[in-house]
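Just below is one structure, and these are the notes that go with it.
Residue numbers start from 1 in every chain, and the chains themselves are labelled A, B, ... in the order their sequence lines are given, proteins ahead of strands.
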Amino acid sequence: MKRFLEPLVQLAAPAVLVIAVGIGSTLVSSANEIYFLNALVSVAIVVAIYVFIGNSGVLSFGQISFVAVGAFTAGVMTIPLESKTGVLPQLFPILRDHTVGNVVSLLLGAAAGGVFALIVGLPLMRLSGLAAGIATFAVLEVTHNILREWTKIGPGATTLSLVPETTDALQATIGVLAVMTAAFVYQRSRFGRRLRASREDTAAARGVGVGVHRERLWAFTVSGALAGFAGALLVHLLGSITTEQVYLELTFLTLAMLVIGGLTSLWGAVVGALAVSALDSFLIEA
Amino acid sequence: MTTVVAALDAQTLADSVGLGAVYALMAVGIGLVFGVLRLVNFAYGQLIMAGAYTLAFTAHWRVVWSIVACVIVVVALSLAMERAVFRPLRGASPAVMLVTTFAIAFMLQAVALLVDIRDNTIGEVATSIAPLNQAITVGGVEVRKITIVAVLVAVVALGLLALLLLRTTIGLHMRAAAADFPTARMLGVQANRVIAFAVLLSGLLAATVAVLLTVQFPFVSPDFALRETIVVLVGVVVGGIDRLWTATLGGFLIGFATGVINGALPTEQTVFLPSAVFGLVIVVLLLRPAGLFAWGRPAVERV
């Protein structure tokens, strides 16, 4: 009995918390609703980061690049066709002449984040320690720089606006629950367990046949996809976004949330994100 | 035509060396603290920012006193940071220490913003030493006086530091602490004294950098030196953070490389300078994860 109950509680307890926040957002005034929804999207981002950092024990400052890629992919692909040629005339034709629906754009954001993470992770996952932290930070810098300056793939240094605001209480809650479930399933899968073993003792894990590079790459890709998905939720919440909003400050804030909650558990990621968001909103209102 | 190209190159080189010298000073300040505390001090840039604000607020004083005030403020802040935050956190996990230094950095930035808002302008102007920013022509190359000053100051400061580390007892203690802190303590090195001294030196260097930077960028705002600190931190790790001289060289090199790449890129492509620099950083880290200059030691484990 305990075998089934314990893991269920590990997912159910934070899930209940998230649902409570989701329900809470519908009960407050529309001016305060944004704080609740923001907190939910923060949970999605932090859980996505947790999937890599928490399970591997390797510090990464780069996960927000995948949030950025997901956000801009979802944003650019959902601006209504009739206004897109006007506001973003320099886009590649394939981006300019197509627009997708809400659900497809969320999946597209996840796909973009995952593919980008896979490509980046392939060489980078050989690193650990400070070198890994700095190399992933370099990825954030390069991503930000290209998103900001290359107007063929996005709005460049201007604000991306006119994105449909589809992230409401229901979508945010379901989205976060989906991210948490994915993180939970991953960490209990054989891949997650192998990676966690390598986090505790890399040499011993390798000794029993864990391919550390491959396992880290898996986690990095899953984390990238979830981060891209969270980015898509974010852009559909805000309706407009600039590259500066998915850059340094968000990186440090989400890392602080993860460290404050506890690096190595899903609970920690969820609670840290909610607690810091609550404090943040409270101080803004105060 | 060829002379123009040659002159341009000399110009680029002069600017790059100037940038590298300032970055090297910052790298030493960060490396000194890392050596004894194993702590990557992200808030180092805010020490420089505090110094720059001091210079701005005392701009109407005589230059000497303005600089003295800057040194006092920065060193005091540096020591306070160690006493209030780094000391209780000694031995905490690297992630916790790093996030804490982020928090200090953002807090100090917020304080600066509050100070700034009082007079309804964001940013202050520190003009007292601005004449040093003028250019003089040396052999067809326009060199700003501050570039020469920066290089001289960097060389002198690094020379003095090397003497201190190699020739004095406290220097010996610091090197011992950086090599193996527990063993050094067993052999009678006083932890608090060594750490306080390292933090003091690192504060002095931050004050020096504050002076050098405000001459070049007299407009002081809450995010003053933030960008530079991030780049230097990257440079320090690329050079090899475990040893002071490799860290310093890394700091110099990333400043130098930034200048040279900036000169080499076609004008319309210079917006992609960060991509070029950080792309290079990734390549170097992949090839030499323990640091570019970390010869003859076992590499950091790679998986």
Side-chain angles (χ1 to χ4, degrees), chain A residues 53-54 56-59 61-62 120 122-151 156-157 198 202-203 205-206 210-217 248-249 251-260 262-264 272, chain B residues 34 38 40 42 92-106 109-110 223 226-227 230-231 233-242 247 250 254 268-292 294 299-303:
Chain A
I53 299 183
S56 72
V58 177
L59 198 55
F61 294 106
V120 167
L122 211 52
L124 251 52
M125 286 302 105
R126 300 206 166 271
L127 300 173
S128 38
L130 263 180
I134 295 295
T136 47
F137 178 75
V139 171
L140 178 69
E141 286 288 338
V142 173
T143 312
H144 171 258
N145 186 226
I146 289 176
L147 275 178
R148 198 183 143 81
E149 304 296 346
W150 200 18
T151 46
S198 81
T202 312
R206 205 175 294 158
V210 174
V212 179
H213 175 246
R214 190 194 308 160
E215 299 306 335
R216 282 186 185 169
L217 186 58
L248 288 180
E249 207 163 311
T251 300
F252 299 138
L253 186 67
T254 47
L255 273 178
M257 287 172 172
L258 184 57
V259 171
I260 288 169
L263 270 174
T264 54
Chain B
F34 182 85
R38 302 279 125 183
V40 180
F42 188 81
S93 80
V96 170
M97 292 207 275
L98 200 63
V99 167
T100 314
T101 62
F102 292 160
I104 304 176
F106 282 106
Q109 245 177 293
D223 59 358
L226 180 70
R227 189 74 207 161
I230 291 177
V231 173
L233 274 174
V234 170
V236 161
V237 174
V238 168
I241 196 166
D242 278 336
I254 200 158
E268 68 272 23
Q269 299 295 335
T270 46
V271 290
F272 290 110
L273 175 67
S275 291
V277 173
F278 284 100
L280 193 64
V281 163
I282 294 177
V283 172
V284 171
L285 281 173
L286 286 173
L287 296 176
R288 300 194 66 92
L292 192 54
V300 174
E301 44 133 8
R302 259 196 287 192
V303 294

Using a 4.5 angstrom heavy-atom cutoff, name the option from A:Leu263, A:Ile260, A:Leu248, A:Val142 with the most pairs to chain B.
A:Val142

Between A:Thr143, A:Leu130, A:Ile53, which residue shows the highest count of heavy-atom pairs closer than 4.5 Å to chain B?
A:Leu130

Sort B:Val284 into side chain, backbone, both or neither according to what part of it lies under 4.5 angstrom from a heavy atom of chain A.
neither

Below 4.5 Å from any heavy atom of chain A, which atoms of B:Val281 appear? Answer side chain, backbone, both or neither.
side chain

Check: B:Val237 and A:Phe137 side chains under 4.5 Å, non-hydrogen atoms:
no

How close do [X] and [Y] get, counting heavy atoms only, and between which atoms?
X        : Y        : result
B:Ser275 : A:Ile146 : OG-CG1, 3.6 Å
B:Pro289 : A:Ala131 : O-CB, 3.5 Å
B:Leu285 : A:Ala135 : CD1-N, 3.6 Å

Would you call the rings of B:Phe102 and A:Phe61 parallel, tilted or perpendicular if under 30° counts as parallel and over 60° as perpendicular?
perpendicular

If you count heavy-atom pairs within less than 4.5 Å of chain A, which of B:Thr100, B:Ile241, B:Ile230 leads?
B:Ile230

Do you know which of B:Leu233, B:Val271, B:Ile282 has the most heavy-atom pairs with chain A at a distance under 4.5 angstrom?
B:Val271

Would A:Val259 and B:Leu98 count as a side-chain contact (heavy atoms from CB on, under 4.5 Å) here? Give the steps.
CA-CA 10 Å; A:Val259 171; B:Leu98 200 63; over 6 Å; no

The interface call for A:Leu59 against chain B, heavy-atom contacts under 4.5 Å, is side chain

Is it the case that more than 12 heavy atoms not belonging to A:Arg214 sit under 6.0 Å from its CZ atom?
no

Does B:Gln269 CD have over 12 foreign heavy atoms under 6.0 Å away?
yes

